[in-house]
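Structure first, then comments.
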Amino acid sequence: ASSSTEQPVSAEQRELENIAASTGALPLLQKSFSNLSDPQTNAISVQTLQQCFHLCYEDPVCESQQKPESFPRLLDHLGSSIVDLFFLSEKGGINWLGFLGGYVKCCGRMSTSMSLNILLRIFAMAVKKLGLSSNLEFEPDDADCKINGSLLPSDLLFLLWMCWAMLWNVRTLKSSERKGNLLLPDINHLVLSAVVACAEVDSSFDLWNCDIVGLDVQLPVGKFLNWAITTAPILSDCLTQYVNRRLQISVLAEDEAGSSESISGDMSPNASQALLLTRGRAWAISLAPRSTVTEEILKLCFSADIVGTDENLLYRSSTHGKGLNRFWSNVEGYHGPLLVLISANSEDAYQDNNKARKWIIGALTQQGFENKDTFYGSLGNLYAISPIFHVFSPSGKEKNYVYSHLHPTGRVYESHPKPVGIAFGGTTTNERVFIDEDFAKLTVRHHAMDKTYQPGSLIPNQGFLPVEASISEVEVWGLGGKTAKEVQDSYKKREELFTEQRRKVDLKTFATWDDSPEKMMMDMMGDPNRVQREDR
């Protein structure tokens with residue numbers, strides 16, 4: 001029985017509330033509007049909402065060689081750009097209808113291309129507020145937010161860093177008043193991936209010694225959107241997470257703001273450079289099409305100290321030793337997704353500068369390794385990680401995802417022995433990626449040999465002939481969470497117990513001296529030709 005004094009709800013408001021409810025954010029929007037609005041005017045002032053979305057980091061730490069001098073000032077205009085673009089203000093401020101409409105415009109259910117367009121609009125507005133020029137042009141009064149123009153590699157670097165900063169703020173800070181440190185990862189491999197895909201570069205283009213900031217190449221925005229949809233479709237989720245997190249902070253107290261924690265680990269630029277899986281490479285892998293391991297990879301990206309995540313790093317060749325046996329002793333019993341990273345360099349390329357010409361490839365499996373002489377697996381991805389990033393998802397034609405075969409325990413003659421090592425894609429003896437049993441040589445074949453993963457070059461300047469390279473480092477990261485690690489630990493303890501029991505000899509099992517093997521050996525040494533009566 002409703003009161004007759006209640007104001008009727010308009011059809012527009014009811015539609016916006018239904019759209020917000022479909023995203024699950026309607027209760028949060030109601031609480032945040034009640035908290036931020038002025039009770040007298042029942043509206044939120046523009047300055048209050050801009051402060052709610054304000055993002056400030058004074059002196060970020062950068063893992064790469066680029067010095068982001070103007071990037072902190074770009075972040076200062078992020079909050080005002082979001083409010084000015086999407087939240088319509090009237091004389092008294094932003095009312096409930098304008099607040100709902102602004103949220104639906106920037107964070108409602110929409111396609112990936114539409115979400116990326118919104119990101120570009122926010123970035124262009126922040127660049128304009130900073131006083132810099134931009135080559136992006138937007139058609140006014142267009143429902144599809146059509147964009148024309150192009151991006152420079154330096155613009156793309158700042159755009160990706162802006163998305164990273166929003167995620168960093170979501171996962172590391174508890175309240176808007178609390179200032180923390182910002183660590184900007186080295187994402188040159190992501191920028192170079194877009195440059196090669198969107199721009200026309202010749203074969204002499206040096207991927208290893210390339211200055212991203214000074215690179216004068218135009219990336220057409222249409223080609224950039226196609227690259228982002230195929231390589232980094234989850235990039236647009238950062239805006240929704242950031243807006244929701246900021247609204248949560250405006251509602252909840254500091255001790256109830258969620259499970260995010262302030263980063264207090266090693267913030268030096270070289271903290272994670274010793275590992276193959278740096279924050280920038282892990283983030284690039286997490287931006288690929290969403291899977292069950294996305295959240296586990298993001299935990300590695302935003303951990304306090306990625307070097308100290310011993311529970312996730314199952315194997316590292318420089319620490320545990322090279323070879324298939326050392327590898328197997330560390331990954332055996334782990335039943336969960338695994339990320340394998342391999343660093344190598346071609347033997348015949350750039351002999352005078354091998355150190356600078358190393359490349360990194362990777363493979364993601366959805367299950368643990370098994371000792372089989374055939375291919376197995378259900379899903380997986382191949383990655384070209386450094387110096388340029390590419391994702392090769394399953395093609396659906398074949399299911400030769402993983403191959404891992406050890407030497408057979410019994411000495412049995414085989415006329416056609418199966419290869420001993422680890423492989424991904426291809427067929428037996430024609431694997432797309434093959435690691436030998438000594439972890440010394442890596443063989444990468446052309447994608448024509450493989451129908452399991454999508455075609456493409458795993459390493460720069462890869463031709464049709466197989467490429468043999470010297471392996472410098474191998475890492476295996478477990479992405480199955482605490483449960484998979486606990487199961488592996490219990491498996492290892494059980495195997496150690498069985499091994500210890502096999503080593504012990506119980507002398508009580510020999511009844512008398514006459515039945516012992518020692519007496520038999522002494523009798524044979526004393527007179528081996530002595531005639532003995534056989535007991536029948």
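For Asn244 against Leu28, the heavy-atom pair with the smallest separation is O-CD2, 3.7 Å. Of all the heavy atoms in Phe389 and Ala284, the pair that sits closest is CZ-O, 3.4 Å. Nearest heavy atoms, Ile297 versus Ser286: CG2-CB, 3.9 Å. Taking every heavy atom of both residues into account, Met162 and Leu75 meet most closely at CG-CD2, 4.2 Å. Annotation for Cys163 and Leu119: closest pair SG-CD1, 3.8 Å, computed over non-hydrogen atoms. Trp208 and Lys358 make their closest contact through NE1-O, 3.1 Å (heavy atoms, listed as atom of the first residue, atom of the second, distance).
Of the options Asn188, Ile187, Ile388, Val391, a side-chain contact (heavy atoms from CB on, under 4.5 Å) to Ser193 is made by Ile388 and by none of the others. Across Trp161, Phe123, Tyr57, a single residue satisfies ring pair (Phe, Tyr, Trp, His ring centres under 6.0 Å) together with Phe71, and that is Trp161. The only option from Ser70, Ser134, Ser81 that meets the side-chain contact (heavy atoms from CB on, under 4.5 Å) definition with Val127 turns out to be Ser134.
Residues Phe205 and Leu192 meet the side-chain proximity criterion, which asks for heavy atoms closer than 4.5 Å. Between Leu184 and Val61 the shortest side-chain heavy-atom distance does not fall below 4.5 Å. Contact of the Ile19 side chain with the Leu100 side chain is not registered, since no non-hydrogen atoms from C-beta on lie closer than 4.5 Å. Within the 4.5 Å cutoff, no side-chain heavy atoms of Ile361 are placed close to those of Ile385. Using a 4.5 Å heavy-atom threshold, the side chains of Thr112 and Leu116 count as touching. Within the 4.5 Å cutoff, no side-chain heavy atoms of Trp359 are placed close to those of Ser386. Residues Leu314 and Lys485 meet the side-chain proximity criterion, which asks for heavy atoms closer than 4.5 Å. With contacts defined as side-chain heavy-atom distances shorter than 4.5 Å, the pair Gln40/Asn42 does not qualify.
Under a 3.5 Å cut-off, the side chain of Tyr334 and the backbone N or O of Gly480 do form a donor-acceptor pair. Judged by distance alone, with hydrogens and angles left aside, the side-chain atoms of Ser34 form no donor-acceptor pair with the main-chain N or O of Lys31 at under 3.5 Å. Of the possible donor and acceptor atoms, none in the side chain of Arg121 sits under 3.5 Å from a partner among the backbone N and O of Leu85. A donor-acceptor pair under 3.5 Å is formed between the side chain of Glu473 and the backbone N or O of Ser318. In terms of modelled atom types and a separation under 3.5 Å, the side chain of Ser395 and the main chain of Thr452 share a donor-acceptor contact. Formation of a donor-acceptor pair under 3.5 Å by the Ser457 side chain with backbone atoms of Pro460 is not found in this model. Here the side chain of Ser64 pairs no donor or acceptor atom with the backbone of Asp186 at under 3.5 angstrom. Between the side chain of Asn117 and the backbone N or O of Met114, no donor-acceptor pair lies under 3.5 Å. Side chain of Asn312 to main chain of Gly478: a donor-acceptor pair is present (N/O by atom type, distance under 3.5 Å, no hydrogens or angles). Between the side chain of Arg73 and the backbone N or O of Leu130, no donor-acceptor pair lies under 3.5 Å.
Between Trp164 and Phe302, the ring planes lie parallel to each other; the angle is under 30°, not in the 30° to 60° tilted range. Between His320 and Tyr315, the ring-plane angle classifies as parallel under the 30° and 60° cut-offs.
Residue-environment remark: CD (Gln218) exceeds the threshold of 12 foreign heavy atoms within 6.0 Å. Within a 6.0 Å radius of NZ in Lys129, other residues, nucleotides and ligands contribute more than 12 heavy atoms. By the neighbour-count criterion of 12 heavy atoms within 6.0 Å, atom NZ of Lys399 is sparsely surrounded, having that number or fewer from other residues, nucleotides or ligands. A 6.0 Å sphere centred on CG of Asp216 holds no more than 12 heavy atoms belonging to other residues, nucleotides or ligands.
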Can you list the steps and then say if Val340 with Phe424 is a side-chain contact (heavy atoms from CB on, under 4.5 Å)? CA-CA 11 Å; Val340 182; Phe424 304 97; 4.3 Å; yes
Might you work through the side-chain contact (heavy atoms from CB on, under 4.5 Å) test for Gln248 and Ser250, ending with a clear yes or no? CA-CA 5 Å; Gln248 287 177 0; Ser250 68; over 6 Å; no
Using salt bridge (charged side-chain N to carboxylate O under 4.0 Å, His left out), reason through Glu17 and Arg14 one step at a time and then give a plain yes or no. CA-CA 5 Å; Glu17 288 179 350; Arg14 188 180 296 109; over 6 Å; no
Would Arg279 and Glu63 count as a side-chain contact (heavy atoms from CB on, under 4.5 Å) if you check the C-alpha gap in whole Å, the side-chain angles of each, and the deciding distance to 0.1 Å? CA-CA 9 Å; Arg279 284 188 172 91; Glu63 289 183 348; 3.9 Å; yes
What's the verdict on side chain to side chain donor-acceptor pair (under 3.5 Å) for Tyr383 and Asn381, showing C-alpha distance, side-chain angles and the deciding distance? CA-CA 7 Å; Tyr383 300 97; Asn381 289 332; 3.3 Å; yes
Between Ile360 and Ser343, does a side-chain contact (heavy atoms from CB on, under 4.5 Å) hold up when you go through it step by step? CA-CA 4 Å; Ile360 300 174; Ser343 173; 4.0 Å; yes
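The CD1 atom of Ile285 sits 4.5 Å away from the CG atom of Leu339 when rounded to the nearest 0.5 Å. To the nearest 0.5 Å, the span separating CG on Asp155 from CG on Leu120 amounts to 10.5 Å. A distance of 8.5 Å separates OG in Ser80 from CE in Met125, rounded to the nearest 0.5 Å.
No salt bridge links Glu486 with Lys492; every basic N to acidic carboxylate O contact stays at or beyond 4.0 Å.
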